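The basis for the numbers below is simple: all heavy atoms, side chains too, and nothing from hydrogens, waters or symmetry mates. Computed from a predicted model, the values in this text were never measured in an experiment.
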Amino acid sequence: MSDSLITIVAIFLAAILMFVFPLMIGAENVDEYSQLAVQTATNEFVDNSRTIGKITWTNYNNLITTLAATGNSYTVDMEVKILDENVGKKSAWTSGTVIGENVYFSVYTTQILDEMEKGGDSGVYKMKEGDIFSAIIKNTNTTLAQSIRSIFYSISGSGTSQVAAQHSGIVSANSK
């Protein structure tokens with residue numbers, strides 16, 4: 001009886017070692033490749049937008065297409081922190097090198113997309129030099145690696161995202 005029990009346990013362990021762990025490693029590799037693709041696409045999107053001083057439908061659609069190619073679903077959160085040029089002084093600023101505190105106010109994804117939609121296919125959201133543009137991208141679905149990991153480790157919650165990227169920078173060109 002004990003030999004049968006040991007044989008059953010050995011077969012079970014062999015099945016796990018032969019099938020589940022290679023599947024888990026393969027799923028982790030897929031997530032790593034997706035992470036690399038998402039981070040690269042996010043960097044290109046933010047850097048292109050910062051360099052030309054505007055967010056265009058073409059750049060945004062290229063980002064969405066690249067994200068869709070990974071096979072996951074994502075949320076794209078954008079934020080533009082606009083440098084407020086009216087900080088309560090009565091004189092006009094003639095240069096960008098004013099001594100004092102810079103004040104920013106934020107514009108978020110829905111406001112940016114609404115502004116772009118007003119212009120139709122050629123719609124753009126214009127930024128000016130000194131603004132700060134950032135994008136945060138997170139996957140919303142559960143990947144295969146997350147599912148397998150949650151079975152074995154019970155540490156992956158529903159609030160965590162396996163594939164995520166963020167990038168930001170200061171706009172270096174005026175388009176306003």
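- In this structure, Q166 CD and N43 CG are separated by 10.5 Å, a value rounded to the nearest 0.5 Å.
- Checked by atom type, the side-chain pair T75/T140 shows no donor-acceptor distance below 3.5 Å.
- When all heavy atoms of D131 and I82 are compared, the pair lying nearest together is OD1-CA, 3.5 Å.
- Counting all heavy atoms, side chain and backbone alike, G123 lies closest to W57 at O-CD1, 3.3 Å.
- Side-chain atoms of T42 do not come within 3.5 Å of backbone N or O of A165 as any donor-acceptor pair.
- Between the side chain of E115 and the backbone N or O of I112, no donor-acceptor pair lies under 3.5 Å.
- Between the side chain of K128 and the backbone N or O of L83, at least one donor-acceptor pair lies under 3.5 Å.
- The distance from the OG atom of S168 to the NZ atom of K81 is 8.0 Å, given to the nearest 0.5 Å.
- Linking Ile, Leu, Val, Met, Phe, Trp and Tyr residues whenever their side-chain heavy atoms come within less than 4.5 Å places L113 and I55 in a single cluster.
- Once rounded to the nearest 0.5 Å, the distance linking CE of M78 with CD1 of I136 reads 11.5 Å.
- Side-chain atoms of N139 never come within 3.5 Å of backbone atoms of Y74 as a donor-acceptor pair (strictly under, hydrogens ignored).
- Nearest heavy-atom pair, A145 versus D31, reported as atom, atom and distance to 0.1 Å: CB-OD2, 3.1 Å.
- Distance alone, capped at 3.5 Å, places no donor-acceptor pair between the T70 side chain and the T66 backbone.
- Under the 4.5 Å side-chain heavy-atom criterion for Ile, Leu, Val, Met, Phe, Trp and Tyr, I11 and L23 are members of distinct hydrophobic clusters.
- The line from CG of N29 to OH of Y33 is 5.5 Å long, rounded to the nearest 0.5 Å.
- A donor-acceptor contact shorter than 3.5 Å is absent between the side chain of E79 and the backbone of T109.
- Contact of the N72 side chain with the V38 side chain is not registered, since no non-hydrogen atoms from C-beta on lie closer than 4.5 Å.
- Annotation: F133 is in aromatic contact with F45 [ring centroid separation under 6.0 Å].
- Residues G53 and V171 approach most closely at CA-CG1, 3.9 Å, considering heavy atoms.
- Judged by distance alone, the side chain of Q146 and the main-chain N or O of T143 form a donor-acceptor pair under 3.5 Å.
- Shown here for N59 and S49, the closest heavy-atom pair between the two residues is ND2-OG, 4.1 Å.
- The number of heavy atoms from other shown groups lying within 6.0 Å of CD1 (I170) does not exceed 12.
- Summarising the local packing, CD of Q111 is surrounded by more than 12 heavy atoms from other residues, nucleotides or ligands at distances under 6.0 Å.
- If you take CD on E44 and CD on Q39, they are separated by 11.0 Å, rounding to the nearest 0.5 Å.
- Taken together through direct or relayed side-chain contacts under 4.5 Å among Ile, Leu, Val, Met, Phe, Trp and Tyr, Y125 and V76 form part of one hydrophobic cluster.
- Linking ILVMFWY residues whenever their side-chain heavy atoms come closer than 4.5 Å, directly or via other members, places V107 and L63 in the same cluster.
- For T51 against A173, the heavy-atom pair with the smallest separation is O-CB, 3.1 Å.
- In the hydrophobic cluster analysis, where Ile, Leu, Val, Met, Phe, Trp and Tyr join through side-chain heavy atoms closer than 4.5 angstrom, L144 is grouped apart from I25.
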